[in-house]
Amino acid sequence: MILAKREKLLLLIPEVCELSLCGEKLPLKRKADFGRLTTLLIIAVMLVALVGCKSQVSGDVMATVDGRKIFRSDVDKYYDNQVASAQQTPAGEQATILRLNILRQLIDDEMVMRRAEKLGLLATEEEVDRKLNEIKSPYTQQEFDQRLKEKKISLEDFKRDIRRSITVDKVMNKEVSSKINVTDQDINDYFAQHKSEFNLIEPQYHVAQIFVTPTPNPQVHNQNNKAQNEADARKKIQTISNRLDSGDDFATLAMNYSEDPETSGNGGDLGTVPESSLRNTDPGTRDTVLKLKPGQYSGIITLSNPATHQAMGFRIVKLVSKEPAGQRDLSDPRVQQAIRSQLHDRREQLLKAAYYELLRDSAKVENYYAKEVLDKNGLIK
């Protein structure tokens with residue numbers, strides 16, 4: 001429809017120009033006609049320009065980065081994905097802020113993708129497929145398809161996200177992370193200024209667990225056969241215990257069979273906890289951990305409801321390491337590594353922020369959605 005109107009307007013222009021090419025003196029009537037035609041010419045040119053502008057930026061385009069369009073459908077996919085897992089659906093200003101944040105992230109990613117093209121660092125199909133297979137490995141095909149359905153994204157969308165993630169990591173590693181150098185002097189200076197941080201006032205316990213429940217947890221997605229009742233749970237935890245006794249790796253069993261969604265993905269690692277926190281947990285776990293030596297794992301611990309005395313779950317815990325109370329010295333390799341990691345992470349965060357600012361300075365970004373929000377005083381969907 002727009003093209004048709006534009007063509008009609010363009011067809012008017014040659015006729016008007018043709019009438020104005022006459023070199024002889026025009027009579028009054030023809031002068032009047034010429035004036036009207038001149039006005040028509042100006043209006044036609046303005047309309048053509050207006051139609052051209054509208055055809056360049058559709059309402060479906062929320063932003064552009066160096067001419068690359070970011071569509072509303074892209075933002076909506078990520079918005080729906082985040083809202084699906086939220087306890088409360090955002091509305092009004094909260095929903096708009098979420099969309100603005102998502103769009104800002106997509107703009108940042110697009111800037112890095114453009115930089116990756118220049119550096120020859122775009123993720124290859126082999127890299128994408130390898131990462132996809134790694135992510136899929138804990139699931140059956142049916143479970144993986146269900147996960148995509150829950151996230152409201154297609155396999156192609158998921159692969160596109162993987163490609164973007166790998167590419168961004170490659171660019172950041174080359175342009176930022178590889179240039180960070182934490183020297184021994186940096187570590188010495190930090191320790192001298194923060195010595196008290198390495199004075200442990202109580203023992204610290206690094207603990208991991210394998211946890212099984214009598215009731216299936218829909219948030220757990222690993223290779224386990226979920227127990228449907230207490231009897232199944234007892235059989236399952238006993239099988240795991242037997243495999244540990246046979247020499248199977250604790251972390252691998254936790255990743256494949258533990259039913260704690262917070263820890264199963266990282267091998268059951270609960271992190272390091274001070275002794276005072278450990279004493280606040282259930283008595284069975286507390287007493288068991290306090291008796292373990294580093295590297296040892298426990299027998300089966302039953303967690304019961306204090307009121308009903310019914311089993312709520314079963315766990316096997318492992319004491320990964322134990323740190324006694326007292327001052328840690330700089331000569332301790334663990335202290336040096338902890339400081340090195342902390343300084344590296346802090347500098348990396350700072351340099352990445354600066355890097356993105358430089359990308360924004362060199363890129364041509366048009367955020368149409370942000371302008372629309374501002375123009376409509378925030379009253380927008």
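In this text the structure is predicted, and so the values were computed from the model without any measurement. Residue numbers start at 1 and run along the sequence shown.
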Run the salt-bridge test on D76 and R99 with the 4.0 Å N-O cut-off and return the result as yes or no. yes
Under 4.5 Å between any side-chain heavy atoms of R315 and V212, yes or no? no
Do side-chain atoms of K371 reach the backbone of E366 as a donor and acceptor pair under 3.5 angstrom? no
Flag the pair V171 / V176 as yes when at least one side-chain heavy-atom distance between them is below 4.5 Å, and no otherwise. no
Is the shortest side-chain heavy-atom distance between D109 and V112 below 4.5 Å? no
CD of Q142: more than 12 outside heavy atoms within 6.0 angstrom? no
Does Q349, at its CD atom, have more than 12 non-hydrogen atoms belonging to other residues, nucleotides or ligands within less than 6.0 Å? no
For D332, is there any backbone N or O sitting under 3.5 Å from a side-chain donor or acceptor partner on D329? no
Under the ring pair (Phe, Tyr, Trp, His ring centres under 6.0 Å) definition, can you give me all pairs with a residue in residues 166-202, not counting sequence neighbours? Y190-H194, F191-F198
Side-chain heavy-atom pair Q209, T263 within 4.5 angstrom cut-off: yes
So, using ring-ring contact (aromatic ring centres under 6.0 Å, His included) as the criterion, who are the partners of F158 when residues are at least two apart? F144
Between I210 and E259, is any pair of side-chain heavy atoms under 4.5 Å apart? no
Determine whether a donor-acceptor pair (N or O, by modelled atom type, separation under 3.5 Å) exists between the side chain of N133 and the backbone of D129. yes
If I compare all heavy atoms of S264 with all of S258, which pair ends up nearest, and what's the gap? CB-O, 3.6 Å
For a salt bridge (charged side-chain N to carboxylate O under 4.0 Å, His left out) check, start with the C-alpha distance between R115 and D66, then their side-chain angles and the critical distance, and finish with the verdict. CA-CA 11 Å; R115 179 63 177 163; D66 294 331; over 6 Å; no
Pairwise ring pair (Phe, Tyr, Trp, His ring centres under 6.0 Å) hits with a residue in residues 60-82, at least two apart: none
